[in-house]
Amino acid sequence: MQVRDILQHKGQQVHSIEPEATLTQAAQKMMEHRCGSLVVQVQDQLVGIITERDVLRVCATGQSLGTVCVHEQMTRRVVTGSPADDLRSIMGVLTNKRVRHLPVLEEGKLVGMISIGDVVKSQYDELAFENHVLKSYIHS
Ligand code: AMP
């Protein structure tokens, strides 16, 4: 199983935000799209990633989200994957880098986003299918 197989099922949409937006706007966008991360882009260039964890960090300080900009809290060195990466290596990256979101790039262009939830779902589907095949074999 490769990253491209997961993207084929879930689609290539990646939600983004600009660096000058406030964290209130980032939180609203994450709620609107039911996602936990946004890539930060300037003229189609990936300049960072902001996730719910970054928003929570600011909440914990008591600061108002409307007074803090995305560029102040985003991570600039973004870890990315490629469509040809296999699922095992992606699991390793997510675990070792301690991130739950991986933007996928192909020839420098953003072509999707893989979350740890997508990886768990894909593993679950594969196990459920194997289980079904084995049960059919046993009962045939
Ligand atoms: P997450 O577990 O994905 O919510 O992110 C935890 C922390 O890692 C946050 O500070 C994010 O900004 C950062 N982060 C998340 N995904 C990535 C990524 N693909 N590359 C670099 N940093 C990331």
Side-chain angles (χ1 to χ4, degrees):
M1 173 83 69
Q2 289 181 318
V3 163
R4 72 173 85 254
D5 302 315
I6 298 182
L7 292 181
Q8 236 161 40
H9 278 100
K10 77 168 278 197
Q12 296 199 330
Q13 193 168 33
V14 183
H15 300 295
S16 66
I17 195 158
E18 59 278 12
E20 300 305 326
T22 65
L23 291 189
T24 301
Q25 290 169 319
Q28 283 168 344
K29 207 159 191 182
M30 288 186 216
M31 291 304 290
E32 180 190 343
H33 297 295
R34 296 168 180 261
C35 63
S37 72
L38 300 167
V39 294
V40 187
Q41 284 185 301
V42 176
Q43 288 166 359
D44 278 355
Q45 285 294 318
L46 180 66
V47 297
I49 185 166
I50 186 123
T51 76
E52 51 202 0
R53 182 67 60 94
D54 302 314
V55 176
L56 189 64
R57 191 188 315 117
V58 174
C59 288
T61 67
Q63 264 178 292
S64 162
L65 294 182
T67 65
V68 182
C69 286
V70 164
H71 67 82
E72 297 173 67
Q73 292 298 325
M74 68 185 191
T75 302
R76 290 169 195 274
R77 193 172 292 188
V78 183
V79 182
T80 61
S82 100
D85 288 339
D86 74 42
L87 208 57
R88 270 170 208 268
S89 74
I90 290 298
M91 287 193 277
V93 171
L94 292 171
T95 306
N96 295 328
K97 302 284 182 186
R98 294 177 180 270
V99 296
R100 293 172 294 171
H101 302 91
L102 203 66
V104 183
L105 297 183
E106 189 167 39
E107 290 170 8
K109 210 170 149 252
L110 207 50
V111 294
M113 171 73 85
I114 297 286
S115 75
I116 205 157
D118 299 322
V119 173
V120 171
K121 179 182 182 317
S122 137
Q123 288 291 93
Y124 174 81
D125 290 347
E126 208 166 283
L127 283 176
F129 178 70
E130 264 178 34
N131 190 274
H132 171 74
V133 170
L134 285 174
K135 278 186 179 155
S136 307
Y137 176 71
I138 290 165
H139 296 301
S140 66

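Just follow the structure's listing: the first ligand is 1, and inside any ligand the first atom is 1. These figures come from a predicted structure and were not determined experimentally. Values below: all heavy atoms of this structure, side chains included; hydrogens, waters and symmetry mates excluded. Along the sequence shown, residues are numbered consecutively beginning with 1.
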| message | Please confirm whether P103 approaches ligand 1 to less than 4.0 Å, judged on its heavy atoms. | response | yes

Looking only at protein heavy atoms, what sits closest to atom 5 (O) of ligand 1 is T51 OG1, 3.4 Å

One finds that the ligand 1 atoms under 4.0 Å from a non-hydrogen atom of R57 are 10 (O)

Are K121 and D118 close enough, and set up right, to give a salt bridge (Lys or Arg N to Asp or Glu O under 4.0 Å), and what steps lead you there? CA-CA 5 Å; K121 179 182 182 317; D118 299 322; over 6 Å; no

When distances are taken from atom 1 (P) of ligand 1, the protein heavy atom at minimum range is R100 NE, 3.5 Å

- [ ] Would you please determine whether Q73 falls within less than 4.0 Å of ligand 1 on a heavy-atom basis?
- [x] no

| task | Give a yes/no on ligand 1: does M74 have at least one heavy atom closer than 4.0 angstrom to it? | result | no

ask   = Would you say atom 21 (C) of ligand 1 has a protein heavy atom nearer than 4.0 Å?
value = yes

When rounded to the nearest 0.5 Å, the distance separating CD of Q28 from CG of L23 is 11.0 Å

shortest atom 9 (C) of ligand 1-to-protein heavy-atom contact is with D54 OD1, 3.1 Å

Atom 13 (C) of ligand 1 sits nearest the protein heavy atom T75 OG1, 3.5 Å

Ligand 1 atoms nearer than 4.0 angstrom to some heavy atom of V78 are 20 (N), 21 (C)

Between the OG atom in S115 and the CG atom in L102, the distance rounded to the nearest 0.5 Å is 10.0 Å

* Asked: Should Q13 and H33 count as side-chain neighbours, where that means a heavy-atom distance under 4.5 Å?
  -> no

Could a heavy atom of E52 be found less than 4.0 Å from some atom of ligand 1?
no

Rounded to the nearest 0.5 Å, the OG1 atom of T95 sits from the CD1 atom of I116 at a distance of 6.0 Å

- Message: How about CD on Q45, more than 12 heavy atoms from neighbouring residues, nucleotides or ligands closer than 6.0 Å, or not?
- Response: no

The protein heavy atom nearest to atom 16 (N) of ligand 1 is H101 O, 3.2 Å

Please confirm whether the backbone N or O of H71 pairs with a side-chain atom of R76, one donor and one acceptor, at under 3.5 Å? yes

Taking the side chain as everything from C-beta on, heavy atoms only, tell me whether V58 gets closer than 4.5 Å to E72.
no

Nearest non-hydrogen protein atom to atom 14 (N) of ligand 1, with distance, is V99 CG1, 3.5 Å

Per-atom filter on ligand 1: closer than 4.0 angstrom to a heavy atom of R53 are 4 (O)

dist H101:NE2 -> R53:CZ (nearest 0.5 Å) comes out at 10.0 Å

